[in-house]
Amino acid sequence: MGQEINGFHHHLNGDAPPLPGGDRPDLLVLRPGLLFKVFEQEFLSKFNVLKAFESPFPLDKYLRDHAQSARAILCEAIVTRITADLLLQLPALQLVVADGTGVNHIDLVECHRRGISVTNTGDVFSEDTADYGVGLLIDVLRRISRADAFVRRGSWPLTAEFPVGRKVRGKRVGIVGLGNIGTKLAKRLEAFGCIVSYNSRTKKQSAAYDFYPTVVDLASQSDILIICCSLTEKTRHIINAEVLNALGKNGILINIGRGPIVDEETLVNYLLNGNIAGAAMDVYENEPRVPSELFRLDNVVLSPHRGAFTQEAFFDAFKIVMGNLDAFFSNTYLLTPVTTNE
Ligand SMILES: O=CC(=O)O
């Protein structure tokens with residue numbers, strides 16, 4: 001049953017005739033992410049989408065006027081933050097559906113306290129992210145992006161002196177975080193003849209790789225360190241000066257996790273001063289801002305947070321997002337709930 005209040009459809013029990021969209025559940029969207037933009041028609045066909053981003057009013061007014069009965073919110077990874085303050089403004093909220101894997105932008109503890117469920121997209125992006133990690137590793141060692149730039153700017157006919165890169169086989173690769181992505185990455189790197197070891201919250205009985213209880217220990221035994229863990233208060237800035245010192249002048253850092261896991265200012269200084277040999281990054285501390293000092297460094301590969309995403313995985317993510325929403329609105333089990341201790 002739908003009833004129109006202030007030009008908006010609320011789901012109240014009443015005798016008002018159904019209005020267009022009135023029998024579809026509300027789905028709040030603060031900002032449209034790529035997933036929403038691509039699948040907008042599908043979302044519109046199943047939900048009464050509350051497009052907060054189209055409102056000319058400040059968000060708090062929009063929420064007060066239109067979203068008081070919204071039970072579900074679709075949350076774009078990275079740019080939409082689900083804070084305690086926002087939750088306070090959404091008294092009916094019961095479900096936060098994230099459109100990615102990382103949920104560092106969602107206050108899980110506060111959601112838990114309020115009895116609000118959170119879902120992510122599970123494992124759908126792990127393979128592609130692991131592939132990307134391999135790609136960045138080969139790129140930074142073999143200088144593929146730099147070689148491409150060299151050819152494109154017409155340098156090859158002038159000089160054949162493009163510098164020779166370093167071999168992949170035999171490199172000691174330390175994986176920070178042996179979860180879904182780290183495990184898949186380890187498997188791939190084994191096939192390339194790399195020597196894999198890892199650091200994780202706990203030693204994984206099922207993993208045959210050497211485990212180091214601290215990131216510093218792992219870094220001191222690695223030629224390349226790859227960050228695959230999620231961002232939490234415990235992992236914020238775990239890659240600091242001490243870790244980079246342990247990695248050493250010949251070491252390379254690769255980040256396919258989240259920017260703030262690395263103390264970026266320190267990393268930039270270490271790269272500028274030659275205190276580590278190179279880096280490849282798909283994520284940054286303040287995306288989409290990339291420290292411009294890095295643009296002139298030949299030993300750095302920069303990518304705009306695309307590691308997780310392929311067209312295929314995107315479609316799988318959409319199916320999981322829809323599956324979670326369908327499950328919620330039909331009172332059955334969520335497909336990929338996130339718990340606070342993840
Ligand atoms: O970064 C992408 C994701 O967390 O899915």
Side-chain angles (χ1 to χ4, degrees), residues 29-39 73-83 95-108 111 117-137 175-185 200 226-236 238-239 253-262 264 279-290 301-325 334-342:
V29 180
L30 300 187
R31 291 180 68 170
L34 203 49
L35 190 100
F36 181 77
K37 286 180 191 155
V38 172
F39 297 106
I73 184 169
L74 175 68
C75 173
E76 179 191 8
I78 307 144
V79 292
T80 302
R81 298 193 61 79
I82 304 287
T83 60
L95 178 69
V96 176
V97 179
D99 69 355
T101 305
V103 287
N104 53 285
H105 53 304
I106 298 169
D107 187 336
L108 292 182
C111 285
S117 301
V118 177
T119 59
N120 69 353
T121 50
D123 201 16
V124 293
F125 294 124
S126 311
E127 260 179 5
D128 298 312
T129 311
D131 288 347
Y132 214 75
V134 176
L136 290 177
L137 182 144
I175 295 181
V176 180
L178 201 67
N180 287 334
I181 296 170
T183 305
K184 291 185 171 71
L185 179 63
S200 232
I226 307 192
I227 299 158
C228 301
C229 61
S230 48
L231 173 63
T232 65
E233 278 321 305
K234 289 203 180 86
T235 62
R236 186 176 296 275
I238 47 164
I239 306 299
L253 183 77
I254 298 176
N255 192 358
I256 51 172
R258 281 288 184 270
I261 295 168
V262 178
E264 194 171 85
M281 291 133 96
D282 185 43
V283 287
Y284 308 85
E285 258 203 276
N286 298 300
E287 291 173 21
R289 198 191 75 85
V290 178
V301 176
L302 303 168
S303 156
H305 202 145
R306 279 291 175 268
F309 308 125
T310 59
Q311 292 174 15
E312 293 86 345
F314 226 65
F315 188 62
D316 292 341
F318 167 69
K319 284 190 289 191
I320 291 200
V321 162
M322 276 298 191
N324 279 310
L325 286 165
L334 298 170
L335 306 183
T336 49
V338 177
T339 57
T340 41
N341 58 7
E342 270 199 350

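All ligand and atom numbering here is 1-based and tracks the order in the structure.
Annotation: side chain of Ile256 is in contact with side chain of Ile226 (closest heavy-atom distance under 4.5 Å). Contact of the Glu312 side chain with the Glu127 side chain is not registered, since no non-hydrogen atoms from C-beta on lie closer than 4.5 Å.
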Open item on the list: Walk me through whether Asn255 and Ile239 qualify under side-chain contact (heavy atoms from CB on, under 4.5 Å).
Closed with: CA-CA 10 Å; Asn255 192 358; Ile239 306 299; over 6 Å; no
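Between Thr101 and ligand 1, an N or O atom pair is found at a separation short of 3.5 Å.
Set against the non-hydrogen atoms of Gly102, the atoms of ligand 1 under 4.0 Å away are 3 (C), 4 (O). Applying the 4.0 Å criterion to heavy atoms of Phe125 picks out, from ligand 1, the atoms 5 (O). Each of the atoms 5 (O) of ligand 1 lies under 4.0 Å from some heavy atom of Gly100. The distance from ligand 1 to the heavy atoms of His305 drops below 4.0 Å at these ligand atoms: 1 (O), 2 (C). Less than 4.0 angstrom separates some heavy atom of Arg258 from each of these atoms of ligand 1: 1 (O), 2 (C), 3 (C), 4 (O).
Interatomic distance, OG1 of Thr183 versus CD1 of Ile175, reported as 8.0 Å (0.5 Å rounding).
The only member of Thr129, Asp123, Asp128 that meets side chain to side chain donor-acceptor pair (under 3.5 Å) when paired with Lys184 is Asp123.
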